[in-house]
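Reading through the structure tokens given below for one structure.
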Amino acid sequence: MEKINAVITGVGGYVPDYVLTNDELARMVDTNDEWIMTRIGVKERRILNEEGLGTSYMARKAAKQLMKKTNSNPDDIDAIIVATTTPDYHFPSTASILCDKLGLRNAYAMDLQAACCGFLYGLETAASMIVSGRHKKVILVGADKMSSMVDYTDRATCPIFGDGAAAVMLEATTEEFGVIDSILRTDGKGLPFLHMKAGGSVCPPSYFTVDNKMHYIHQEGRTVFKYAVSNMSNVTAQIAERNNLNKDNIAWIVPHQANLRIIDAVAQRLEIPMEHVMINIQRYGNTSAGTLPLCLWDFESQLRKGDNMIFTAFGAGFTWGAIYVKWGYDGNA
Ligand code: UT7
């Protein structure tokens with residue numbers, strides 16, 4: 001029997017219209033454009049600020065564009081996964097809402113929560129579903145409305161995050177393209193350094209939790225930074241080495257967009273020139289599960305069939321990893 005690989009056959013994306021600039025942030029908290037640009041690398045981020053709209057709104061727009069671009073019939077979609085930390089509701093899943101909005105009648109749906117590694121873990125999951133032979137077309141969305149849990153009085157976190165969504169289609173191929181190798185890890189040691197204090201089953205919402213601002217992102221940035229640099233760099237180097245990839249044959253590094261200094265460090269470790277690293281943090285900030293597919297969405301026209309790409313991410317948990325993908329089609333120039 002021929003070996004089946006799971007290949008990405010299209011990308012769709014969506015970012016909200018509202019642009020929150022560093023200058024506007026500097027009117028909200030004690031910060032400035034220079035600090036944010038040199039310490040993080042974000043110039044502006046998109047915010048979904050219309051009342052009553054959540055992550056599924058952006059995810060739906062991205063998935064709709066994807067289905068149009070790939071000429072997909074809704075009846076042919078076998079499964080949809082939404083990687084997100086900011087679901088519309090605790091339950092039902094955001095993915096189930098998409099089934100209705102996209103008219104998927106033969107699909108099953110689930111959310112995947114792995115913080116900023118959501119898309120990376122989702123790629124491994126969706127690829128395994130294809131390789132099993134039991135699924136022909138799987139939609140994977142990475143989507144987060146980070147503004148729903150950012151404290152816009154906390155200067156240590158509010159410049160970092162933005163809202164956005166992007167989606168990819170995974171299909172079967174017998175060619176040597178697609179998701180080739182992965183190294184994914186979780187250690188559970190990150191809880192004290194990056195979490196939301198209340199709203200879950202340990203500490204359900206109450207007047208106390210709201211009064212004490214316990215429904216926002218809590219991050220000890222310096223510690224997270226150190227873990228992110230070493231884990232992302234190590235795992236990217238490992239996957240490169242075991243697949244004979246190096247600066248001469250890697251077309252793209254696709255890194256999580258949390259901090260430009262982290263991206264720089266990962267690229268330096270592999271001696272990859274920055275023009276081979278996908279970067280859009282300056283325009284969108286950290287959209288958590290949205291960053292990797294939003295990079296693909298932005299850079300799609302530059303991608304060529306056979307391009308060697310390493311995706312890498314790091315997030316709460318801690319979660320981290322790297323996936324080697326051989327790109328499956330020429331983007332339209
Ligand atoms: O995506 C999930 C994973 N998350 C990450 O990868 C994030 C990792 N961490 C980071 O990216 C960085 O640690 C931050 C961007 C969060 C912070 O940057 P930093 O260079 O580590 O800053 P710091 O927290 O060490 O703070 C340095 C100084 C402090 O002042 P003092 O104590 O040195 O006087 C802060 O109070 O910068 C100050 N500061 C700010 N100043 C102006 C912190 N935030 C701001 C701000 N504007 N927005």
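Whatever order the structure lists ligands and atoms in, that order sets their numbers, starting from 1. Keep in mind the model is a prediction, meaning the values are calculated, not measured.
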Legend entry - Hydrophobic cluster (4.5 angstrom, side-chain heavy atoms) - remaining members for Val202: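 Its cluster mates, by chain and number: none.
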Legend entry - ILVMFWY cluster membership beyond Met67 - transitive side-chain contacts under 4.5 angstrom: Leu66, Ile77, Ile80, Val82, Leu98, Leu102, Leu104, Ile139, Val141, Met169
Measure from every N or O atom of ligand 1 to the protein's N or O atoms and keep only the pairs below 3.5 Å, writing each with atom names and distance to 0.1 Å.
{"unit_1": "ligand 1", "atom_1": "1 (O)", "unit_2": "His256", "atom_2": "NE2", "d": "2.9"}
{"unit_1": "ligand 1", "atom_1": "1 (O)", "unit_2": "Asn286", "atom_2": "ND2", "d": "2.8"}
{"unit_1": "ligand 1", "atom_1": "4 (N)", "unit_2": "Gln219", "atom_2": "OE1", "d": "3.2"}
{"unit_1": "ligand 1", "atom_1": "9 (N)", "unit_2": "Gly221", "atom_2": "O", "d": "3.0"}
{"unit_1": "ligand 1", "atom_1": "11 (O)", "unit_2": "Asn259", "atom_2": "ND2", "d": "2.7"}
{"unit_1": "ligand 1", "atom_1": "13 (O)", "unit_2": "Gly221", "atom_2": "O", "d": "3.1"}
{"unit_1": "ligand 1", "atom_1": "20 (O)", "unit_2": "Arg39", "atom_2": "NE", "d": "3.0"}
{"unit_1": "ligand 1", "atom_1": "20 (O)", "unit_2": "Arg39", "atom_2": "NH2", "d": "2.9"}
{"unit_1": "ligand 1", "atom_1": "20 (O)", "unit_2": "Arg261", "atom_2": "NH2", "d": "3.1"}
{"unit_1": "ligand 1", "atom_1": "25 (O)", "unit_2": "Arg222", "atom_2": "NE", "d": "2.4"}
{"unit_1": "ligand 1", "atom_1": "25 (O)", "unit_2": "Arg222", "atom_2": "NH2", "d": "2.9"}
{"unit_1": "ligand 1", "atom_1": "36 (O)", "unit_2": "Arg155", "atom_2": "NH2", "d": "2.9"}
{"unit_1": "ligand 1", "atom_1": "37 (O)", "unit_2": "Trp35", "atom_2": "NE1", "d": "3.3"}
{"unit_1": "ligand 1", "atom_1": "41 (N)", "unit_2": "Trp35", "atom_2": "NE1", "d": "3.4"}
{"unit_1": "ligand 1", "atom_1": "41 (N)", "unit_2": "Arg155", "atom_2": "NH1", "d": "3.4"}
{"unit_1": "ligand 1", "atom_1": "47 (N)", "unit_2": "Thr31", "atom_2": "OG1", "d": "2.7"}
{"unit_1": "ligand 1", "atom_1": "48 (N)", "unit_2": "Thr31", "atom_2": "OG1", "d": "3.0"}
{"unit_1": "ligand 1", "atom_1": "48 (N)", "unit_2": "Arg155", "atom_2": "O", "d": "2.8"}

Inset, instruction - Applying side chain to side chain contact (heavy atoms under 4.5 Å, CB included) between Thr125 and each of Leu112, Leu184, Leu140, report the one that passes. - result: Leu112
Inset, instruction - Can you run down the ring-ring contact (aromatic ring centres under 6.0 Å, His included) pairs that involve residues 75-134, sequence neighbours left out, and say none if there aren't any? - result: Tyr108-His135
Legend entry - Student check: side-chain heavy atoms of Val277 and Pro255 closer than 4.5 Å: yes
Inset, instruction - Verify the cluster assignment for Met149 and Val210: are they in a single hydrophobic cluster under the rule of side-chain heavy atoms below 4.5 Å apart? - result: no
